[in-house]
Amino acid sequence: MKYFLLETEEKNKNPFNINKNRALDIRLLQQGDIGRLPMWNIVEMEFPTEGFFPDLICSPCIMLSEMLVKTAVMYHAEIPYKGIKLWDRKNGANATYYLPILDELECMSDQTEFNSVGNRIVRLVLERNKISSKAVFRIKRFDRNCIVGRLDFVESILRRGAGGIHLSEIDID
């Protein structure tokens, strides 16, 4: 089965300076602490002129559109998540997103290649036997804030019209 890295497509005019009011404590976005967050959070951001709300925002944390979170829950019903309302106070632009707590798998292969300094991944390789049957997850100790999707999950979100997402295929050993 093929797997893809899903990231926010940075070529679009995406919302930026998200959580500038520090309304969301990002440290609580983990399995044991998510219950301490309110069900809905209002977070300030800045929205550019002719801006675009992508289905996946990776910074400062993983945020999924309603379509994306519903699709992820179709594959893994146990995914906990909280709602978040992004709001630009200046121009009134707003959008609803969800903060999922996706499983973090220790699945990076020894074949993963790093740059000469050893602090950036040049070629990501995952171990098939450590992924199990997960359709969407995060990689533990990966240097980028993004998610991984199995081919059927990626096809499903693309058929539903997902936009603003950069896909890159991941090598599997």
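Residues take their numbers from the sequence shown, with the count starting at 1.
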With side chain to side chain contact (heavy atoms under 4.5 Å, CB included) as the criterion, how do Leu6 and Val136 come out once you've worked through the C-alpha distance, each side chain's angles and the decisive distance to 0.1 Å? CA-CA 10 Å; Leu6 286 77; Val136 60; over 6 Å; no
Between [X] (side chain) and [Y] (backbone), is there a donor-acceptor pair under 3.5 Å?
{"X": "Asp171", "Y": "Val125", "value": "no"}
{"X": "Ser109", "Y": "Gln111", "value": "yes"}
{"X": "Asn17", "Y": "Met45", "value": "no"}
{"X": "Lys82", "Y": "Leu37", "value": "yes"}
{"X": "Arg150", "Y": "Ser133", "value": "yes"}
{"X": "Asp152", "Y": "Ser156", "value": "no"}

Do [X] and [Y] sit in the same hydrophobic cluster, where Ile, Leu, Val, Met, Phe, Trp and Tyr count as joined when their side-chain heavy atoms come under 4.5 Å apart?
{"X": "Tyr98", "Y": "Met39", "answer": "yes"}
{"X": "Met108", "Y": "Met1", "answer": "yes"}
{"X": "Ile18", "Y": "Trp40", "answer": "no"}
{"X": "Val43", "Y": "Leu56", "answer": "no"}
{"X": "Tyr81", "Y": "Leu29", "answer": "no"}

Is there side-chain contact between [X] and [Y], with heavy atoms separated by less than 4.5 Å?
{"X": "Phe114", "Y": "Thr112", "result": "yes"}
{"X": "Phe142", "Y": "Leu124", "result": "yes"}
{"X": "Glu9", "Y": "Pro54", "result": "no"}
{"X": "Glu155", "Y": "Arg159", "result": "yes"}

Between [X] and [Y], which heavy-atom pair has the shortest distance, and what is it?
{"X": "Ile62", "Y": "Pro100", "result": "O-CD, 3.5 Å"}
{"X": "Tyr3", "Y": "Ser132", "result": "OH-O, 4.2 Å"}
{"X": "Gly164", "Y": "Asn12", "result": "CA-ND2, 3.6 Å"}
{"X": "Cys61", "Y": "Leu99", "result": "SG-CD2, 3.7 Å"}
{"X": "Ser65", "Y": "Tyr97", "result": "N-CD2, 3.6 Å"}
{"X": "Lys130", "Y": "Leu105", "result": "O-CD1, 4.1 Å"}

In the hydrophobic clustering (ILVMFWY, side-chain contacts below 4.5 Å, transitive), which residues join Phe16, or is it alone?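 The other cluster members (ILVMFWY side chains, heavy atoms under 4.5 Å, direct or chained): none.
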My understanding is that only residues two or more places apart in sequence, or in another chain, count here; which of them pass side chain to side chain contact (heavy atoms under 4.5 Å, CB included) with Ile42? Lys85, Trp87
Quick one: do Leu151 and Phe4 satisfy side chain to side chain contact (heavy atoms under 4.5 Å, CB included)? Show the steps, please. CA-CA 7 Å; Leu151 178 62; Phe4 294 86; 3.6 Å; yes
For [range], which residue pairs qualify under salt bridge (Lys or Arg N to Asp or Glu O under 4.0 Å), counting only residues two or more places apart or in two chains?
{"range": "residues 13-23", "value": "Lys20-Glu46"}
{"range": "residues 33-44", "value": "Asp33-Arg36, Glu44-Arg89"}
{"range": "residues 105-115", "value": "Glu106-Arg141, Glu113-Arg123"}

Find the distance between [atom1] ([X]) and [atom2] ([Y]) and round it off to the nearest 0.5 Å.
{"X": "Phe52", "Y": "Asp55", "atom1": "CZ", "atom2": "CG", "result": "6.5 Å"}
{"X": "Leu126", "Y": "Ile172", "atom1": "CG", "atom2": "CD1", "result": "4.5 Å"}
{"X": "Leu102", "Y": "Ile147", "atom1": "CG", "atom2": "CD1", "result": "6.0 Å"}
{"X": "Leu64", "Y": "Thr71", "atom1": "CG", "atom2": "OG1", "result": "9.5 Å"}
{"X": "Met63", "Y": "Leu68", "atom1": "CE", "atom2": "CG", "result": "12.5 Å"}
{"X": "Leu86", "Y": "Ile57", "atom1": "CG", "atom2": "CD1", "result": "5.5 Å"}

Under the side chain to side chain donor-acceptor pair (under 3.5 Å) rule, collect the residues that match up with [X], sequence neighbours excluded.
{"X": "Glu50", "answer": "none"}
{"X": "Asn21", "answer": "none"}
{"X": "Asp25", "answer": "Arg27"}
{"X": "Glu127", "answer": "none"}

With sequence neighbours left out, which residue pairs that include part of residues 151-173 fulfil the ring-ring contact (aromatic ring centres under 6.0 Å, His included) condition?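 Those involving residues 151-173 are Tyr75-Phe153.
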Going through the distances and angles, do Asn19 and Ile26 end up as a side chain to side chain contact (heavy atoms under 4.5 Å, CB included)? CA-CA 9 Å; Asn19 202 22; Ile26 294 173; 4.0 Å; yes
Residues in salt bridge (Lys or Arg N to Asp or Glu O under 4.0 Å) with Lys134, at least two apart?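 Expected list: Glu78, Asp103.
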Partner residues of Arg144 under the salt bridge (Lys or Arg N to Asp or Glu O under 4.0 Å) criterion, sequence neighbours left out: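 Salt bridge (Lys or Arg N to Asp or Glu O under 4.0 Å) list for Arg144, sorted by chain: Glu7.
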Counting neighbours of CZ on Phe137 that are heavy atoms of other residues, nucleotides or ligands and sit closer than 6.0 Å, is the number greater than 12?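 Buried by this count: over 12 neighbours within 6.0 Å.
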Asn94 vs Phe47, test: side chain to side chain contact (heavy atoms under 4.5 Å, CB included). Steps then yes/no. CA-CA 9 Å; Asn94 65 76; Phe47 194 67; over 6 Å; no
